[in-house]
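Presented below is the structure to which this report refers.
Here is the naming used below: chain letters follow the sequence lines, and residue numbers restart at 1 for every chain. Computed from a predicted model, the values in this text were never measured in an experiment.
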Number of protein chains: 2
Amino acid sequence: MTQYEVPTLTHVAKLAGVSENTVSRVIRNKGPIADETRSRVVKAIDTLGYVPNRAAGSLASSGSLLIGVLLPSLSNIVFPEVLQGIHAALATTAYQPMVGVTNYDANKEQDILSSLLAWQPAAVITTGFDHTDATRRMLSNSRVRVAELMDIDADPIDVAVGLSHRQAGYATGRHLIERGYRRFGYVGHDWVADRRARLRHEGLCQALSETGLALLAEERFDGPSSTMAGRDTLATLLAHAPDIDAVVFSNDDMAVGGFFHCLAAGIAVRDRLALFGFNGLDIGQVLPMPLSTVRSNRFLIGKTAVEKLLESPTRPEERVVVDTGFDIIEGETA
Amino acid sequence: MTQYEVPTLTHVAKLAGVSENTVSRVIRNKGPIADETRSRVVKAIDTLGYVPNRAAGSLASSGSLLIGVLLPSLSNIVFPEVLQGIHAALATTAYQPMVGVTNYDANKEQDILSSLLAWQPAAVITTGFDHTDATRRMLSNSRVRVAELMDIDADPIDVAVGLSHRQAGYATGRHLIERGYRRFGYVGHDWVADRRARLRHEGLCQALSETGLALLAEERFDGPSSTMAGRDTLATLLAHAPDIDAVVFSNDDMAVGGFFHCLAAGIAVRDRLALFGFNGLDIGQVLPMPLSTVRSNRFLIGKTAVEKLLESPTRPEERVVVDTGFDIIEGETA
DNA sequence: GCAAAATATGTTAGCGCTGAGATAACGAAT
DNA sequence: ATTCGTTATCTCAGCGCTAACATATTTTGC
């Protein structure tokens with residue numbers, strides 16, 4: 001081996017004076033190996049600084065230790081948190097995640113998926129149920145395990161892990177009604193791309209209508225959710241409907257923005273206007289008044305998905321739905 | 001091909017009536033191909049739903065279209081933002097990122113790096129200069145390109161992209177001095193793991209001492225930075241040193257927490273106590289008073305790193321340092 | 001009209017590893 | 001002594017693809 005050649009199994013085998021296959025078995029802890037042989041091989045590996053070539057391994061064994069992960073975005077803190085859960089669950093395994101970002105675009109998801117599948121991953125983790133037909137077909141045809149995250153309000157391809165956003169919206173409505181609020185407004189963001197926000201909205205409306213109530217005003221920002229959008233959109237909403245007593249936001253980012261608007265405009269939060277979010281982000285809980293919201297266990301969703309997927313290398317007969325639930329965080333803003 | 005067999009180059013070649021190599025050349029757009037042949041091959045690919053096996057490709061060509069990315073954490077929004085920049089720059093290429101999270105642990109970084117190198121990535125992007133000797137050796141021995149992000153206050157292995165944190169700290173000090181503040185406090189987080197926060201602190205102290213000033217009080221939270229930590233730690237600082245007129249925080253998360261403390265405690269921000277952060281996060285800019293801080297272009301850092309790395313497949317003779325700079329954001333809190 | 005160049009395609013030998021089966025060495029059971 | 005089972009190791013084909021080279025086939029220049 002010259003100085004600049006990368007060592008391979010062959011080099012290790014030669015140095016240890018055994019066959020390549022024996023080295024391979026030592027590395028993978030497979031089959032019986034005499035202690036003496038093992039230590040000789042391990043020493044050779046160390047000496048050469050050998051790192052196995054996984055491309056070769058994956059080719060030979062037709063299967064890799066990769067998990068494909070498709071996330072809609074990284075700018076919404078929610079998804080990095082899911083990713084953290086995924087990483088945490090993978091940390092004790094030999095699997096590696098391979099992350100793609102779709103920007104909420106089903107066609108881009110399809111493209112990235114096909115690049116991911118080219119690596120023969122053991123499983124694919126994706127978000128929600130909005131896939132193109134081609135995506136669905138690719139996932140069905142390849143025999144990889146598939147987890148669809150965040151949402152459980154539809155039938156999964158294989159495993160779904162998340163919470164019922166409709167129920168979360170409903171619970172929000174009930175909570176506010178029980179607290180005595182009656183004149184409701186809604187501040188949202190562009191939900192063409194965000195099915196889950198729409199589901200929460202539906203659940204909310206259902207809770208209201210069951211009590212003979214309805215949203216008196218509604219304002220949706222035409223773009224992704226952000227604190228700034230929440231601040232400005234609440235201002236617009238109040239300009240149109242100054243007499244509402246509670247505002248439900250599409251999520252915490254928007255709600256925190258709403259809180260800042262109230263602060264700047266001198267509106268007494270809760271007493272004059274209740275604010276309610278969704279997600280239970282840290283930032284909402286450190287406001288001078290902790291935000292009333294719904295906790296969606298993002299880390300748990302990521303972690304659970306990995307655990308479910310690794311339970312079995314093949315798809316079970318029955319589709320699996322794991323409800324990671326949600327909790328109302330009472331806070332002080334509603 | 002039976003129904004459940006995954007199609008390979010061979011299947012495509014047979015169906016199109018050409019050699020495997022021709023199919024391969026069509027896929028990779030390499031070498032001359034007659035239009036008629038190309039369309040026949042493309043049609044066969046579509047018909048079969050063929051997806052190339054990258055493990056095989058990477059093995060045969062000894063080089064993959066992968067970029068290894070090592071980030072210290074995902075809970076600090078800063079790193080997802082860097083990752084966004086990386087993704088953005090990769091979006092127009094055939095490269096895929098493969099992300100590992102080190103939890104600010106150099107040994108974990110070393111482990112993950114060796115798993116990453118097993119995939120023969122074209123390049124590795126990592127954070128900062130704190131690596132183990134073994135990590136450094138692996139990176140030097142493998143001929144992959146290496147980018148070290150965020151920081152440019154040391155000598156890189158190959159490329160460094162980031163900003164001078166010492167200068168940023170210095171600029172912070174100068175700015176506050178020019179604004180007339182004289183009685184300085186500092187609120188930080190655990191910087192054993194955060195070399196860059198320490199460098200900013202050094203720069204700040206230097207600016208102060210050049211003007212015959214010094215930090216009158218300093219309080220460091222023993223843990224990672226967070227809004228809550230910032231709020232509580234500022235409270236502690238002020239209990240010890242009630243007479244300071246400006247506080248520099250280790251970053252925006254901490255500073256936003258500090259702002260909330262002032263809000264709750266009725267302290268007049270800026271007039272009674274100036275607040276200054278670092279990073280220029282969105283959350284700081286939507287506070288009722290926009291946070292005075294330093295913008296660190298995270299997205300640009302990620303994007304630039306990828307661009308630099310893809311300029312050439314081999315390491316240039318000269319180490320490259322790219323300064324993505326920083327700007328003072330004046331804000332209203334200092 | 002013919003050599004040289006340009007274009008289009010085929011042939012072949014691996015890349016580094018793993019799986020299946022073969023082989024060897026040795027003790028225990030018949 | 002022979003058979004059997006166990007343990008430890010080896011041999012070898014081949015995963016799906018690409019690089020290098022070989023082989024047509026066409027075009028171009030003179």
Side-chain angles (χ1 to χ4, degrees), chain A residues 1 5-42 44-45 48-66 94 114-115 117-122 142, chain B residues 1 5-42 44-45 48-66 94 115 117-122 142 313:
Chain A
M1 195 181 78
E5 203 175 328
V6 175
T8 69
L9 257 200
T10 315
H11 300 120
V12 177
K14 258 185 203 135
L15 183 58
V18 296
S19 75
E20 301 184 14
N21 187 295
T22 301
V23 178
S24 170
R25 264 153 41 223
V26 168
I27 290 169
R28 287 173 301 140
N29 258 316
K30 223 175 178 184
I33 298 283
D35 286 349
E36 201 270 333
T37 310
R38 183 192 309 279
S39 61
R40 215 146 27 96
V41 169
V42 169
I45 290 175
L48 297 176
Y50 168 70
V51 175
N53 181 330
R54 287 223 199 272
S58 144
L59 178 60
S61 67
S62 59
S64 76
L65 294 174
L66 281 180
S114 80
S115 326
L117 289 179
W119 290 101
Q120 318 256 90
S142 76
Chain B
M1 195 180 78
E5 203 175 328
V6 176
T8 69
L9 255 200
T10 315
H11 300 119
V12 177
K14 260 186 201 134
L15 183 59
V18 297
S19 75
E20 302 185 14
N21 190 302
T22 302
V23 178
S24 171
R25 272 175 355 235
V26 169
I27 291 169
R28 288 174 299 139
N29 258 315
K30 223 176 177 184
I33 299 282
D35 286 349
E36 201 270 334
T37 311
R38 184 193 309 279
S39 62
R40 215 146 26 94
V41 169
V42 168
I45 289 175
L48 296 175
Y50 167 71
V51 175
N53 181 331
R54 286 225 200 272
S58 145
L59 179 59
S61 68
S62 59
S64 76
L65 295 174
L66 281 180
S115 326
L117 289 178
W119 290 101
Q120 318 256 92
S142 77

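Terminal axes of the helix from dG1(C)-dC30(D) to dT30(C)-dA1(D) (five pairs each, C1' rotation axis) are separated by 40°, to the nearest 10°.
The side chain to side chain contact (heavy atoms under 4.5 Å, CB included) search around L117(B) returns L113(B), P121(B), V124(B), M138(B), S142(B), V144(B), not counting sequence neighbours. Remark: T10(A) pairs with T8(A), K14(A), E20(A) by the side chain to side chain contact (heavy atoms under 4.5 Å, CB included) rule, at least two apart or across chains. Take T37(A) and apply the side chain to side chain contact (heavy atoms under 4.5 Å, CB included) test, not counting sequence neighbours, and it matches V18(A), T22(A), I33(A), A34(A), R40(A), V41(A).
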Set out, line by line, the N/O atom pairs under 3.5 Å between protein and nucleotides 15-19 of chain D.
{"residue": "dC15(D)", "atom": "O2", "partner": "A60(A)", "partner atom": "N", "Å": "3.3"}
{"residue": "dG16(D)", "atom": "N2", "partner": "A56(B)", "partner atom": "O", "Å": "3.3"}
{"residue": "dC17(D)", "atom": "OP1", "partner": "Y50(B)", "partner atom": "OH", "Å": "2.2"}
{"residue": "dC17(D)", "atom": "OP1", "partner": "N53(B)", "partner atom": "N", "Å": "3.2"}
{"residue": "dC17(D)", "atom": "OP2", "partner": "L9(B)", "partner atom": "N", "Å": "2.4"}
{"residue": "dT18(D)", "atom": "OP2", "partner": "S24(B)", "partner atom": "OG", "Å": "2.4"}
{"residue": "dA19(D)", "atom": "OP2", "partner": "R28(B)", "partner atom": "NH1", "Å": "2.5"}
{"residue": "dA19(D)", "atom": "N6", "partner": "N21(B)", "partner atom": "ND2", "Å": "2.7"}

I'd like a list of close polar pairs between nucleotides 23-25 of chain D and the protein, N/O only, cut-off under 3.5 Å.
none

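Among all heavy-atom pairs drawn from A44(B) and A16(B), the shortest one is CB-CB, 4.0 Å. V12(A) and I45(A) get closest at one heavy-atom pair: CG1-CG1, 3.7 Å.
How far CD1 of I27(B) is from CG of L9(B): 5.0 Å, rounded to the nearest 0.5 Å.
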Check residues 50-60 of chain B and write down every donor-acceptor pair under 3.5 Å in which the side-chain atom is one partner and the other belongs to a residue at least two apart or another chain.
{"residue": "N53(B)", "atom": "OD1", "partner": "A55(B)", "partner atom": "N", "Å": "2.8"}
{"residue": "N53(B)", "atom": "OD1", "partner": "A56(B)", "partner atom": "N", "Å": "3.2"}

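When rounded to the nearest whole Å, the span between CD1 of I33(B) and C1' of dA6(C) equals 15 Å. The distance from atom NZ of K14(B) to atom P of dG10(C) is 14 Å, rounded to the nearest whole Å. A straight line from CG of D35(B) to P of dT7(C) spans 13 Å, rounded to a whole angstrom.
The list of salt bridge (charged side-chain N to carboxylate O under 4.0 Å, His left out) pairs with a residue in residues 24-35 of chain A, not counting sequence neighbours, is empty.
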Exercise. For side-chain contact (heavy atoms from CB on, under 4.5 Å), just list the numbers for H11(A) and V6(A), CA-CA rounded to whole Å, side-chain angles, deciding distance to a tenth of an Å, and then say yes or no.
Key: CA-CA 9 Å; H11(A) 300 120; V6(A) 175; over 6 Å; no

